[in-house]
**Q** 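Got a structure here, written out as structure tokens. Questions coming.
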Amino acid sequence: MLHSLFSWIISFLNHRPNIMKNNVKELIKKALIQWNEQDQLSLTIPDDVHLERTKDASHGDFASNVAMALAKPLKQKPRSIAEAIVKHLPASDLVDKVEIAGPGFINIYLKSDTQHAVVKTVLAEGDQFGHGNQGNGQRVMLEFVSANPTGPLHVGHGRSAAYGAALAQVMSAAGYDVHTEYYVNDAGRQMAILAASIWLRYLAHCGEVFTFPSNGYKGDYVVGMAEALFADVGEDYRMPAAQLFQDLPQDFDEESKTGDKEAHIDAIIAGGKDFLGDRFQAILQRGVKAVLDDIKDDFEGFGVHIDEWFSEESLLHSEALHQTIDRLEKNGYLYEKDGARWFRATDFDDEKDRVVVRSNGTHTYFASDLAYHASKYERGFDQIIDIFGADHHGYVARMEAGVAAMGFDVARLNILLVQFAILFRGKERVQMSTRSGSFVTLRQLREEVGNDAARFFYVMRKCEQHLDFDLELAKSKTNENPVYYIQYAHARVCSVMRQLGEKGLKHDMALGNEGLSSLVEPEEVALLRALSRYPEVIEAAALNHEPHIIANYLRDFANDFHVYYNAHRFLDVPEALRHARINLIIAVRQVLKNGLQLLGVSAPEKM
RNA sequence: GUCUCGGUAGCUCAGCUGGAUAGAGCAAUCCCCUCCUAAGGGAUAGGUCGCAGGUUCGAAUCCUGCCCGGGACGCCA
């Protein structure tokens, strides 16, 4: 509560109407209002006037199509509407001139002073430049990855992690109060299977001989945990394999296609619990802790921050689960069939009804997921964003159904799906198999290509789109690699600043600001435009949940800088011009750094 | 079968929620370091925006139907 109030105050103080696009929009809106009043048009003024950056400089800086859009409701010619709007435009020191062009576009040219002023703004605001207040302090719950703690994160999780972390940063920059969370499935059957897997590897380590179950966790990390267990307890947990495997249901057999892997592993778990008693739970807990510690360490190395690790088990202890089921019951959406309790999801456009309590009395994962979502609502978030792997796409409808059935506002819930990343080594697709445990872990990927490249590549594309992740490209130190391309632009500015010092020159920022009007080269104008666009880019990325927009922007922006660098010199020019140009490139460096920071990529001073 | 994401230059992708002449990077051809990092830049060439209808002043973008690919659909977790 206090925190929320605090962040609201901060965001209020931080609020500056520094988005050029919005300033111009306001002018048009005022013109519409004034015209509307004067001519009694009884026009409904749209909240958001459509305005866009022009592609072509001969169309000015901004263009609006309002005149064309209003042609129909007003039954007037677009061009005459445009003329009326232009006539009513309030005086502004931003605008140089306004033209009507083509079928009725209103083209707006900014004053060069206005364009130059962005440099001062960037220098004054520093790492806050680009931040806005679109979120107005709204509290946002952002849950992502939430992989079962049964093994190390793999490259698929990496994309969710990078995306979630970037989105959290971007939304924070846009004035949202973002809370990141990882839901830890530490209560289910999978955890028992992990415990059993560790125990079996431990037995093997003790010298017992048996066939490892097909449904157990086969990764090397399990063996490591078994060895650690042995080191701690010696042979205290040892049980003769012959005794354990006696009279068990057959495991599934590839050759004969007979047997039941689920029944087989369940029997092993039951046998383990019988023999070990409390010690089984102890194995389980050390297993969860070891895996979770590994995941936390992985995230930390990857620059991904999680505010809260939310334990599924805590829901069970708190009775939240029962409350959830009661809640559905009370609202009349539960019924009994085949000994199980079903949720009538079909009442809410889901394909079929879903089980919440199995016939054996245990709750399904869906049930605890609902309890978890109830908790999210009860904690009072304005927006709840779930980032799921695309393989969970089937859960969207039932989750929304469940939330609605519990009586919560579904409109506040936003489920985003992240597609898998397909790894390539050049042209070669990297084969992965979860079954055999031979998947590439996130850690391996980070070690191979580095954190910067990994973070950037993961968020280069829209999240619901397939991503081809080329390891060779991510490692290459050439202009094909967008990460290096952008970082190089940053390093180049730093290098110029070093040269400045080496030549015994002093930079004077105040003089630079005074002389900004001397920045008239086309490459400089292009950079000024790009700088003033940055806050708009953040706004778009935050509102659409699309950090890739920033990645694309930075690429283009770095290009603008490299062009400038090649065409002009900064140090060997008259002093006044030098100060102005240095101010410009410091602003460029600042924006590169700010943008990279949002994506979790470093901005090196030297390469 | 149902749902979902995609199909834009030879390749990988942008395209700002309907705008003006379709945009980058790679690959191809040619060019630019006596100069702050060539990890850079310039030029040329490259297109039936999957196909067919529809909506309108205007469609790569929205709607419908097909075609082709990726993925998802359990009393699994």
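A, B, ... follow the sequence lines: proteins, then strands. Residue 1 opens every chain.
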**Q** Heavy atoms under 4.0 Å, any strand shown: does A/A71 hit a base, just sugar-phosphate, or nothing?
**A**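 Result for A/A71 = nothing.
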
**Q** So, is A/K352 close to the B/rG74 phosphate, meaning a side-chain N or O under 4.0 Å from OP1 or OP2?
**A**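 Result: yes.
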
**Q** What pairs of nitrogen or oxygen atoms, one from the protein and one from nucleotides 24-29 of chain B, lie under 3.5 Å apart?
**A**
{"residue": "B/rC26", "atom": "OP1", "partner": "A/N479", "partner atom": "ND2", "Å": "3.4"}

**Q** Any ion pair linking A/E605 and A/R498 (charged N to carboxylate O, less than 4.0 Å)?
**A**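 Not counted as a salt bridge, because no side-chain N and carboxylate O are separated by less than 4.0 Å.
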
**Q** Quick one: look up who B/rU29 pairs with, Watson-Crick or G-U, both distances under 3.5 Å, and put none if it's unpaired.
**A**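 Matched B/rU29 with B/rA43 under the 3.5 Å cut-off.
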
**Q** For B/rU55, give its Watson-Crick or G-U wobble partner with both distances under 3.5 Å, or none.
**A**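 No nucleotide pairs with B/rU55.
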
**Q** Are the aromatic ring centres of A/Y534 and A/F557 under 6.0 angstrom apart?
**A**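 When the ring centroids of A/Y534 and A/F557 are compared, they turn out to be at least 6.0 Å apart.
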
**Q** So what does A/N185 touch, heavy atoms closer than 4.0 Å: a base, only the sugar-phosphate, or nothing?
**A**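 If one applies the 4.0 Å heavy-atom cut-off, A/N185 turns out to touch nothing in the nucleic acid.
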
**Q** Under the criteria of a ring-centre distance below 5.5 Å and an interplanar angle below 30°, is A/F570 stacked with the base of B/rC36?
**A**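 Taking the rule of under 5.5 Å and under 30°, the ring of A/F570 does stack on B/rC36.
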
**Q** Are side-chain heavy atoms of A/V496 and A/L500 found at a separation under 4.5 Å?
**A**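 No, too far: nothing below the 4.5 Å cut-off.
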
**Q** Is the distance between the ring centroids of A/F456 and A/Y485 under 6.0 Å?
**A**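 No, the ring of A/Y485 stays outside the 6.0 Å limit from the ring of A/F456, centre to centre.
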
**Q** Categorize A/N215 for me: base, sugar-phosphate, or nothing, with a 4.0 angstrom heavy-atom threshold over every strand shown.
**A**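 Result for A/N215 = nothing.
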
**Q** Within the modelled atom types, does a donor on one side and an acceptor on the other bring the side chain of A/N65 and the base of B/rA20 under 3.5 Å apart?
**A**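 No such pair is found, so the answer is no.
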
**Q** If you restrict it to nitrogen or oxygen atoms, what contacts under 3.5 Å exist between nucleotides 6-10 of chain B and the protein, and what is each distance?
**A**
none

**Q** How long is the straight-line distance from CD of A/E546 back to OH of A/Y163, given to the nearest 0.5 Å?
**A**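 If we round to the nearest 0.5 Å, A/Y163:OH and A/E546:CD are 7.0 Å apart.
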
**Q** What is the distance from NE2 of A/H393 to C1' of B/rU2, rounded to the nearest Å?
**A**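 Taking atom C1' of B/rU2 as the reference, NE2 of A/H393 is at 10 Å.
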
